[in-house]
Peer 1: 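I have a structure I would like to understand better, so I am pasting it below and will then ask my questions one at a time.
This structure is a prediction, so every number in the text was calculated from the model and none was measured. Counting starts at 1 for both ligands and their atoms, in listed order.
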Amino acid sequence: MYNSRITGLGYYVPDNVVTNDDLSKLMDTNDEWIQERTGIKERHWIPKESDDTSAVMGAKAAKIAIERSGLTKNDIDFIVFATLSPDYYFPGCGVQVQDMLDMPTIGAIDIRNQCSGFIYAISTADQFIKTGMYKNILVIGAEHHSNGLDKTTRGRGVAVIFGDGAGACVLSRTEDNTKGILSSHLHSQGKYADKLIVESPSIKNWIPEIIASKGEDISYYPYMDGTFVFKNAIVRFSEVIMEGLNTNNLTPTDIDLFIPHQANLRISQYVQKKFGLSDNQVFNNIQKYGNTTAASIIIALTEAWEQGKVKENDTVVLAAFGSGFTWGSVIIKW
Ligand code: UT7
């Protein structure tokens, strides 16, 4: 049986930085509240005049990842694209990347698992490689949140949290089973779908109905029961990390680097404390980017790698929790 290793990493965020003070000009919020509750100092939002979208940013990140892998676009066999903010209702962003990068007519799928999107995406790619079907897969996570947020005081509980950006990696076949993705662990609990949701536009609630509501129906903005999500996140993060460690006969002391989905610095700190991890063992960058949902783990992994924090033979743990609910972890021997 084959295994899969990450051979190239890249990320892209729009230049436009939006600080907490900038947000306080749009809504009743302040830097102190945002930093204290979330750890976020600033985020990148695509400006109105830009051509960036989830697919465009994903393609930019992918280009870097392919270059760094030493491969060319013609060596890629398949694309897995995770996003909750696709350019179109359909088709997905994966096929757009195939076109934007002028790749051969390889297969492309979109993964719609929100904050766990990258975990689901890399796990999916890993299975295609482990079975021998594909050799090199492009895995992308990208989000264009800023255009879909309620930037008034009504939406402040959500709008201040989310940022735009994309990350990508190339996952490649290896015959060394001691290296690469050791295991991945995926879960869902649809009972809580309504706790973090964008309900419209949808086939259930189509655009003419939203227009007819004359502004009273705001179900096209993300809704989040933040406290409920937070409480579930800390439990599920801990469970799914332990599940991954147990599967591989590892303990928390074996973790060289933990990269949590960047949902809230307080969630990451809770998990860090629970597992007794030092600051060197955990990588966070939510301070600069906010929550970029499906992009957050792969942007963080890329930054950590660029800073020399991911080394050969390291045990790297990725974990996420979010809308669905969905959650998961991936254990990697680098
Ligand atoms: O990535 C996907 C998964 N997402 C998560 O894991 C997010 C989980 N949840 C959270 O991170 C936190 O629940 C939030 C950051 C969203 C909110 O923090 P909180 O400590 O749970 O605050 P809260 O929602 O209980 O709100 C506390 C107060 C409220 O005012 P009152 O009712 O106490 O007077 C809010 O209206 O803070 C108010 N508030 C704000 N104030 C200033 C809410 N948003 C803001 C804001 N600025 N942006």
Peer 1: At a non-hydrogen distance cut-off of under 4.0 Å, which region of T227 contacts ligand 1 (side chain, backbone, both, or neither)?
Peer 2: both
Peer 1: Using the six-membered ring wherever Trp is involved, compare the ring planes of F228 and Y192 and label them parallel, tilted or perpendicular (cut-offs 30° and 60°).
Peer 2: perpendicular
Peer 1: Could you tell me the residue and atom name of the protein heavy atom closest to atom 29 (C) of ligand 1, and the distance to it rounded to 0.1 Å?
Peer 2: R156 NH2, 4.9 Å
Peer 1: Specify the protein heavy atom at minimum distance from atom 1 (O) of ligand 1: its residue, its atom name, and the distance to 0.1 Å.
Peer 2: N291 ND2, 2.6 Å
Peer 1: Any idea which part of T29 is under 4.0 Å from ligand 1, heavy-atom wise: side chain, backbone, both or neither?
Peer 2: both
Peer 1: Heavy atoms only, cut-off 4.0 Å: how does V158 contact ligand 1, side chain, backbone, both, or neither?
Peer 2: neither
Peer 1: Regarding K25 and D21, does a basic nitrogen lie under 4.0 Å from an acidic carboxylate oxygen?
Peer 2: no
Peer 1: Got a second to check how far Q262's CD is from N285's CG, nearest 0.5 Å?
Peer 2: 5.0 Å
Peer 1: Is atom 6 (O) of ligand 1 touching the protein, meaning some protein heavy atom lies under 4.0 Å away?
Peer 2: yes
Peer 1: Could you tell me whether atom 37 (O) of ligand 1 has at least one protein heavy atom nearer than 4.0 Å?
Peer 2: yes
Peer 1: Can you report which non-hydrogen protein atom sits closest to atom 3 (C) of ligand 1, along with the distance?
Peer 2: V229 CG1, 3.7 Å
Peer 1: I'd like to know if E303 and K309 make a salt bridge, using a cut-off of under 4.0 Å between side-chain N and carboxylate O.
Peer 2: no
Peer 1: Backbone N or O of V17 within a donor-acceptor pair of the E42 side chain at under 3.5 Å?
Peer 2: no
Peer 1: Provide the number and element of each atom of ligand 1 under 4.0 Å from a heavy atom of R37.
Peer 2: 19 (P), 20 (O), 22 (O), 27 (C)
Peer 1: Go through Y289 and H44 one step at a time and tell me if the ring pair (Phe, Tyr, Trp, His ring centres under 6.0 Å) criterion holds.
Peer 2: CA-CA 6 Å; Y289 302 119; H44 294 241; 5.4 Å; yes
Peer 1: Could you find the nearest protein heavy atom to atom 10 (C) of ligand 1 and give me its residue, atom name and distance?
Peer 2: N264 ND2, 3.6 Å
Peer 1: Could you tell me which atoms of ligand 1, counted from 1 in the order shown, lie closer than 4.0 angstrom to a heavy atom of R266?
Peer 2: 20 (O)
Peer 1: Does ligand 1 have a heavy atom under 4.0 Å from the side chain of F230, from its backbone, from both, or from neither?
Peer 2: both
Peer 1: Let's go through N264 and T38 carefully: what are the C-alpha distance in whole Å and the side-chain angles of both, what is the deciding distance for side-chain hydrogen bond (donor to acceptor under 3.5 Å, both in side chains) to 0.1 Å, and is it a yes or a no?
Peer 2: CA-CA 5 Å; N264 183 323; T38 71; 5.7 Å; no
Peer 1: For G157, take its heavy atoms, then give the atoms of ligand 1 lying under 4.0 Å from any of them.
Peer 2: 16 (C), 44 (N)
Peer 1: Do any heavy atoms of M224 fall under 4.0 Å from ligand 1?
Peer 2: yes
Peer 1: Any N or O of N30 that comes nearer than 3.5 Å to an N or O of ligand 1?
Peer 2: no
Peer 1: Enumerate the atoms of ligand 1 whose separation from the nearest heavy atom of V160 is less than 4.0 angstrom.
Peer 2: 48 (N)
Peer 1: Does the protein place any heavy atom closer than 4.0 Å to atom 47 (N) of ligand 1?
Peer 2: yes
Peer 1: Within 4.0 Å of atom 25 (O) of ligand 1 (strictly less), any protein heavy atom?
Peer 2: yes
Peer 1: For ligand 1, is any non-hydrogen atom under 4.0 Å from I161's backbone (N, CA, C, O), its side chain (CB onward), both, or neither?
Peer 2: side chain
Peer 1: Regarding atom 2 (C) of ligand 1: of the candidates A233, S323, G322, C115, which has the closest heavy atom?
Peer 2: C115
Peer 1: Centroid separation under 6.0 Å, is that true for the rings of F283 and F258?
Peer 2: no
Peer 1: Could you tell me if the side chain of I6 sits less than 4.5 Å from the side chain of L171, heavy atoms only?
Peer 2: yes
Peer 1: Is T38 in polar range of ligand 1, meaning some N or O pair under 3.5 Å apart?
Peer 2: no
Peer 1: Can you tell whether the side chains of R156 and D28 come within less than 4.0 Å, N to carboxylate O?
Peer 2: yes
Peer 1: Give the residue and atom name of whichever protein heavy atom lies nearest to atom 17 (C) of ligand 1, and the separation in Å to one decimal.
Peer 2: W33 CH2, 4.0 Å
Peer 1: Between I210 and S200, which heavy-atom pair has the shortest distance, and what is it?
Peer 2: CD1-CB, 3.6 Å
Peer 1: Which pair of non-hydrogen atoms, one from K311 and one from W334, has the smallest distance, and what is that distance?
Peer 2: O-CB, 3.5 Å
Peer 1: Could you check whether K135 pairs with D75 (Lys NZ or Arg NE/NH1/NH2 to Asp/Glu carboxylate O, under 4.0 Å)?
Peer 2: no
Peer 1: Salt bridge or not for R68 and E306, using N-O below 4.0 Å?
Peer 2: yes
Peer 1: Indicate, as side chain, backbone, both or neither, the part of M27 found under 4.0 angstrom from ligand 1 when only non-hydrogen atoms are considered.
Peer 2: neither
Peer 1: Identify, by atom number and element, the atoms of ligand 1 in contact range of I267, meaning under 4.0 Å from any of its heavy atoms.
Peer 2: 6 (O)
Peer 1: Taking N or O atoms only and a 3.5 Å limit, does G226 qualify as a polar contact for ligand 1?
Peer 2: yes
Peer 1: With backbone taken as N, CA, C and O and side chain as the heavy atoms from C-beta onward, which portion of H261 lies under 4.0 Å from ligand 1: side chain, backbone, both, or neither?
Peer 2: side chain
Peer 1: With a 4.0 Å cut-off on N to O distance, would you call K179 and E312 a salt bridge?
Peer 2: yes
Peer 1: I'd like to know if atom 21 (O) of ligand 1 has any protein heavy atom within a distance of less than 4.0 Å.
Peer 2: yes
Peer 1: Which pair of non-hydrogen atoms, one from T83 and one from S54, has the smallest distance, and what is that distance?
Peer 2: OG1-OG, 3.8 Å
